[in-house]
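Right, one structure below, let's go through it.
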Amino acid sequence: MSAGIGADARVSRFERRAMGSPLRFALVGATDAEARRAWAIVDAEIEAAEEALSRYRETSDLTRANRAARREPGLAHWVEVDLRLRRALVAADRAGRRTDGRFDARVLADLERLGSVGVAQSATRTQEPADAAGIVDPRPSIDRHARWLWVDGRRPRVQLGTPVDLGGIGKGLALRWAWRRFHRATRPGIGAMLDAGGDVVVRGPSPDGGPWSIGIEDPRNEGEHVAVLAIEDGAVATSSVIVNRWRAPDGRLVHHLIDPATGEPGGLGLLAVTVAGPDPAWAEVWSKTLFLAGSAGIADAARSRGLAAWWVTVDGELSMTAAARMRTAWEPDPRRTRPPAPQVG
Amino acid sequence: MAEKRRPIHLAVAVSVSASLYAVSLAAVTGLQAAQNSQIDADHAPMVNAVAQLDAANNSLEARLGAAGTAFNVSASAFSAVADRVAKYEARLKVLAGTVATIQGSSISLPSSVALPRVSVSGSRPASKPTVHVTTTASGH
């Protein structure tokens, strides 16, 4: 923990690794005792959520439920689980309906077919787009209309018809739950920021006294930003293909954002999508959903839902919705970073 | 003196004949009554059927009357609807003309319009502010 950063406000910082990413927690204006108690609350909730939702842990509830689903595919078995997993599965099912099937936790089968083995595949950043060539007759491994989840309303147990991955929404839900517990246990006036590998949730004030400045990393230049957001209270999530990509068994370069409609990596023409909103889990869901719309469809998809969204194309161009522009505190001079717009008459 | 014989045998014969006649008449009457009863019993189902048929006929007549009334009402309503359909058709024709005019105008419009870039430097800091946290790609 470090303290004393900022002009007048006392800043306390905590950090550890969780959910495959650095977990960072900062408090502004809290005493040492308050900060340690808040960190203990956040730390415990994140750990409990990871133990319930992670497919990277052998002992997690999700791993047990997935094993039961694999034992006899298509035949569901009741598995006693933590309440968090039941709530997360219900949330994932609802996200699928809200996004018209763009979000689907069952893409795990396609991820595994493409060679994902349940751990971060590569730490090497690359700007290459995923290979579209070589994809012949894309076909999803799942029946999109088949029911996959059964929950017991009286007992904490679930049945899965097929194995699922809660990666993005799981992280968002972990942040949501930890943030709520922290929020209830902490007096007003204390600013805070919780960052889990790029998914961020904040409440004011920041160390500077104003809103939090959240940079959107330039997917083509590590450490650089394509925009800086000013967020007083809310969440931000980014879906990007820069980190988590690998070579499929057939040699193609693929990434982890799978389009359920095709069973193949989606988001043609995009490198990264960032969404801001009140809740980290839904910010995650929408960032992934918008990414899968690709550069051709993302503007309509984002604007029709009134989302605050920023996206970077493979050409490096940053675009955003009107709701996003209201939250943008800074962006590079477009005359230096963008090619001139074509004159179409 | 010869005893004058009285014609008793005639009275007996007449009495016997009358008795026979009475018995025969009684038998014939009894047979006729039994026959009439049998005929009445045989006719009873037909009489009932005729009565039911009469009742059904009356009911059918009443329903035909009601149907006729409903038909008249429907015919009036249909006439009103037909008038309104005719009015809508006329309005649709006007709308079709308007749409055709708009389509003709839209064809002459460019597929996109290049707007001048708007400088927002006045409302935003020219230099990049201090970044507290970065949102980026995650491993999951």
Side-chain angles (χ1 to χ4, degrees), chain A residues 19-21 24 26 54 56 119-121 123 125 165 167-168 170-171 193 195-200 202 206-208 212-217 219 222-223 225 228-230 236-244 256 272 274 276 325 328-335 338 340-345, chain B residues 70-71 73-140:
Chain A
M19 298 177 285
S21 310
R24 301 186 181 95
S54 176
Y56 300 88
V119 293
Q121 299 294 310
R125 302 169 73 90
D165 175 31
K171 184 188 286 186
M193 179 277 296
D195 167 23
D199 288 5
V200 181
V202 298
S206 75
D208 303 331
W212 289 84
S213 294
I214 302 176
I216 298 177
E217 190 179 48
E222 187 176 4
H225 297 108
V228 178
L229 321 181
V236 176
T238 295
S239 288
S240 169
V241 295
I242 296 304
V243 172
N244 200 351
H256 69 301
T274 298
R325 189 166 293 284
T328 304
W330 173 88
E331 62 177 311
D333 186 346
R335 286 168 298 189
R338 293 178 185 169
Q343 298 296 314
V344 180
Chain B
F71 176 79
V73 171
S74 299
S76 301
F78 181 80
S79 296
V81 170
D83 291 344
R84 291 171 63 186
V85 166
K87 287 178 185 173
Y88 280 124
E89 279 181 350
R91 290 171 64 183
L92 276 175
K93 281 182 184 174
V94 174
L95 187 62
T98 307
V99 168
T101 305
I102 292 172
Q103 279 179 340
S105 303
S106 66
I107 289 170
S108 64
L109 293 173
S111 57
S112 62
V113 178
L115 297 173
R117 291 201 173 277
V118 178
S119 172
V120 292
S121 56
S123 59
R124 290 182 186 153
S127 60
K128 186 175 159 185
T130 303
V131 173
H132 299 121
V133 61
T134 296
T135 179
T136 181
S138 61
H140 289 193

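To find a chain, count down the sequence lines: A is the first, B the second, and so on, and within it residues start at 1. Atoms considered below: every heavy atom in the structure, side chains included; atoms not considered: hydrogens, waters and symmetry mates.
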Output the distance between atom NZ (B:Lys128) and atom NE2 (A:His225), rounded to the nearest 0.5 Å. 5.0 Å
Contact summary for B:Ser127 and A:Trp330, nearest pair of heavy atoms: O-CD1, 3.6 Å
For A:Val228 and B:Pro129 the tightest heavy-atom approach is CG1-CG, 3.8 Å
Passing candidate, side chain to side chain donor-acceptor pair (under 3.5 Å) with B:Thr135, options A:Asp199, A:Asp195, A:Thr238: A:Thr238
Measure distances from A:Thr274 to the heavy atoms of chain B and classify the residue's part below 4.5 Å as side chain, backbone, both or neither. side chain
Under 4.5 Å to a heavy atom of chain B? For A:Ala230 that would be neither
Using the rule given for side chain to side chain contact (heavy atoms under 4.5 Å, CB included), can you reason through B:His132 versus A:Asp208, listing the C-alpha separation, both sets of side-chain angles and the distance that settles it, and then say yes or no? CA-CA 9 Å; B:His132 299 121; A:Asp208 303 331; 2.8 Å; yes
Answer key: most heavy-atom pairs under 4.5 Å with chain B among A:Ile214, A:Leu229, A:Val236, A:Asp165 is A:Ile214
